[in-house]
Amino acid sequence: MASRPGILTDWPWKPLGSFKYIILAPWITGSIYSIIVKDAKQWDVFNLAILPLMLWRILHSQLWISLSRYRTAKGTNRIVDKGIEFDQVDRERNWDDQILFNAILFYLGNKYFPGGSHIPIWRTDGVIITMLLHVGPVEFLYYWFHRALHHHYLYSRYHSHHHSSIVTEPITSVTHPFAEHIVYFALFSLPVSTVVFFGTGSIIAIAGYITYIDLMNNMGHCNFELIPNWVFSIFPPLKYIMYTPSFHSLHHTQFRTNYSLFMPIYDYIYGTMDKSSDTLYEISLQRKEETPNVVHLMHLTTPESIYHLRVGFPYLASKPYSSAWYLWLLWPVTLWFMMLTRIYRRTFVVERNRFHQLRLQTWAIPNFREQYHLKWQKESINNMIEEAVLEAEEKGASVLSLGLMNQGKELNRYGEVYVKKHPQLKVKLVDGSSLAVAVLLNSIPKGTTQVLLRGNLTKVAFAVAFSLCQKGIQVTVLREDEYEKLDKSLGTKSEGKLVISKSYSSCKVWLVGDDLTEKEQRKANKGTLFIPFSQFPLKNLRKDCFYHTTPAMQTPKAFENVDSCEQNWLPRRVMSVWRIAGILHALEGWEEHECGCTISNIDKVWEACLKHGFQPLTVPTQSKS
């Protein structure tokens, strides 16, 4: 939102939210009807092409979003180091409004504008005229309109909304108030309406020109340099007729320079070119891939979770997982991605962060949660994790947190197999179990005398049971096999506090894992607090009970470039303990691996966590009371 919003700031369909595309229903219905009732020779091809063109524009922009976020996370050729935050994601969430707006105007133009219907597919003269009109009037008029937008009156009411994003993303290019887009459409439609009016227009000319505008807009805001310098060496005048991402990035950091649309020639003519344009271009081109200090490994959970990654749909990634109806429409894309994960068997960078002097990266392994339970997938998964460990070692990372890779003893003995296979590893492997135990112990309400432990017994579960028994808190289990395992592990150290019971009503605090059934959950007393000790959240079946998040903590304000929710289900600026553990390991300079059966000193880990600004989450019963 601009600092002093002017008239026509909001889009007319804002109240419709995600259902805004229903506005196109009459025109789309009319197009389908014409296909059904008319002979193919009578079809208005341009009318039928408007919807595919709109979908192409959405796909085109999304490809740029994913590419930009991937490249800036890796760091290669990155222009501006500063990250983005949730407020920018929220501000730019409706980037597709301008595509919807253009589609409406195209449908109206198709029906009412002279020559707007039955446009031929190709006309050479129309293509040439479109190019000339863009190079001449459009670029010139845009330059002066853009300078006018930087006058304090228009800037405070309109253009400051766009410039709120100092670090740009491709969708920043179209994040403007409605009033600005009205002018932009009038300006960019000048070449198209001219050729259509005089009968030289064509579908290729219109679609090609719109794609060119989208391409240059997205490229100019992608925050990584991709135009090689040999292009300008071969044809030096090109620097006057084609801008680069670094050229326009300076406009967002300096504000009063580099006003041109796509052709810098007018900045040269009128003396508004930033003097550091060439220098920043060269520096950005020479920039190498960033070497992380800490790497966090994760994997995909479900096939549609790709859309919730930071390199997926920005707005979905910026909030805890919720079912989106339109994702069902993307099943062909989802299926294609699943096939791609079968072929591409390497980790990829999905996120970068900075905390004080630490450079942090999150790497994703292209596997889904269910694959970790398949025995025939075990070797393949372990090989990919091992490759990631060795890659982190090669890049000079000091710590690698296993995160969701820590799927149990049967997979890789909590990472121990990699340490034994590569005893000279300098990168420290951290499974995060110690911090998970510390957070769980501090999530149990004060004054609790007994807890019920139920679920797949993991390293964390054994350690929590031991700590609770040592604190004099009774640990109740429901199944004999779980009791036997715990009793064998704890022995006399249980202090007589480990008991087995058939009653579900004895405890108001449940520590639960992945194996808890819905039937068991429904047997809990009203007001029971469920605290997961696993990495995956519990399905909230009871409205009369309380549900804690999976082990996690609030991040400090100094934690930079946080614009997505971790693991799809955690709230904003909340981080899983398995990820925090790796960061603490690097901050404290601890030299030991935390994997296998190793558990670090719980109190030491907890104190270090608080010292560095990570804060525990509020227990749900406290917030509701």
Quick one: does [X]'s side chain have a donor or acceptor within less than 3.5 Å of a partner on [Y]'s backbone?
X    : Y    : result
S68  : I65  : no
S489 : K485 : no
S305 : T302 : yes
Y307 : L316 : no
N223 : E169 : no
D214 : R57  : no
T244 : F247 : yes
E566 : S576 : yes
S434 : S600 : yes
T168 : H221 : yes

R287/T76 under side-chain contact (heavy atoms from CB on, under 4.5 Å): CA gap, chis, key distance, verdict = CA-CA 6 Å; R287 190 160 197 172; T76 309; over 6 Å; no
Between [atom1] on residue [X] and [atom2] on residue [Y], distance to nearest 0.5 Å:
X    : Y    : atom1 : atom2 : value
W569 : H308 : CH2   : NE2   : 11.5 Å
S380 : N367 : OG    : CG    : 6.0 Å
S277 : H251 : OG    : NE2   : 12.0 Å
S564 : F313 : OG    : CZ    : 15.0 Å
K539 : T517 : NZ    : OG1   : 12.5 Å
L280 : N258 : CG    : CG    : 9.5 Å

With a 4.0 Å cut-off, would you call [X] and [Y] a salt bridge?
X    : Y    : result
K426 : E393 : no
R573 : D563 : no
E351 : R310 : no
K421 : E386 : yes
R572 : E85  : no
E592 : K428 : no
D81  : R354 : no
D515 : R454 : yes

inquiry  = Evaluate W363 against Q361 for side chain to side chain donor-acceptor pair (under 3.5 Å), listing each step before the verdict.
reply    = CA-CA 6 Å; W363 297 357; Q361 283 187 353; 2.9 Å; yes
ask   = How about K604: does its NZ atom have over 12 heavy atoms from other parts shown lying under 6.0 Å from it?
value =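 Count over threshold, so yes.
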ask   = Taking everything shown except R346 itself, do over 12 heavy atoms lie less than 6.0 Å from its CZ?
value =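 No, the 6.0 Å shell around CZ holds no more than 12 heavy atoms from other groups.
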R78 to F224 six-membered ring, cation-pi geometry met (6.0 Å, 45°) = no
key: Cation over ring face, K239 and F232, 6.0 Å, 45°   = no
key: Pair V349-R69, side-chain contact (heavy atoms from CB on, under 4.5 Å): steps then yes or no   = CA-CA 9 Å; V349 183; R69 289 190 160 205; over 6 Å; no
Whether the [X] and [Y] side chains hold a donor-acceptor pair (N or O, under 3.5 Å, no angle test) is what I'd like checked.
X    : Y    : value
R91  : S165 : yes
D90  : Y315 : no
T172 : E92  : yes
E225 : S246 : yes

message = Go through it in stages, so that I can follow the logic: the residues are D96 and Y21, the test is side chain to side chain donor-acceptor pair (under 3.5 Å), and I'd like the CA-CA distance, side-chain angles, deciding distance and then a yes or no.
response = CA-CA 10 Å; D96 57 334; Y21 282 95; 2.7 Å; yes
Heavy-atom closest pair, residues [X] and [Y]:
X    : Y    : result
L53  : I210 : CD2-CD1, 3.7 Å
R352 : N561 : O-ND2, 2.7 Å
L541 : Q521 : N-OE1, 3.3 Å
A364 : V350 : CB-CG1, 3.8 Å
P532 : L440 : O-CD2, 3.3 Å
C595 : Y414 : CB-O, 3.0 Å

Derivation of the salt bridge (Lys or Arg N to Asp or Glu O under 4.0 Å) call for K74 and E290 = CA-CA 6 Å; K74 290 191 69 175; E290 188 171 78; over 6 Å; no
key: side-chain contact (heavy atoms from CB on, under 4.5 Å) between W578 and L435, intermediate numbers included   = CA-CA 7 Å; W578 289 275; L435 183 57; over 6 Å; no
Which of parallel (below 30°), tilted (30 to 60°) and perpendicular (above 60°) describes [X] and [Y]?
X    : Y    : answer
W56  : H60  : parallel
H585 : W590 : perpendicular
F355 : F559 : tilted
H299 : F536 : tilted

key: H612 ring center near H356 ring center (under 6.0 Å)   = no
key: Side chain to side chain, V574 and M553, heavy atoms closer than 4.5 Å   =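 The answer is no, as the side chains (C-beta and beyond) never meet within the 4.5 Å cut-off.
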note = Checking Q371, M384, M338 against P366 for side-chain contact (heavy atoms from CB on, under 4.5 Å), the one that qualifies is M384
inquiry  = Between L67 and C222, does the side-chain contact (heavy atoms from CB on, under 4.5 Å) criterion hold? Intermediate values first, please.
reply    = CA-CA 8 Å; L67 176 63; C222 68; over 6 Å; no
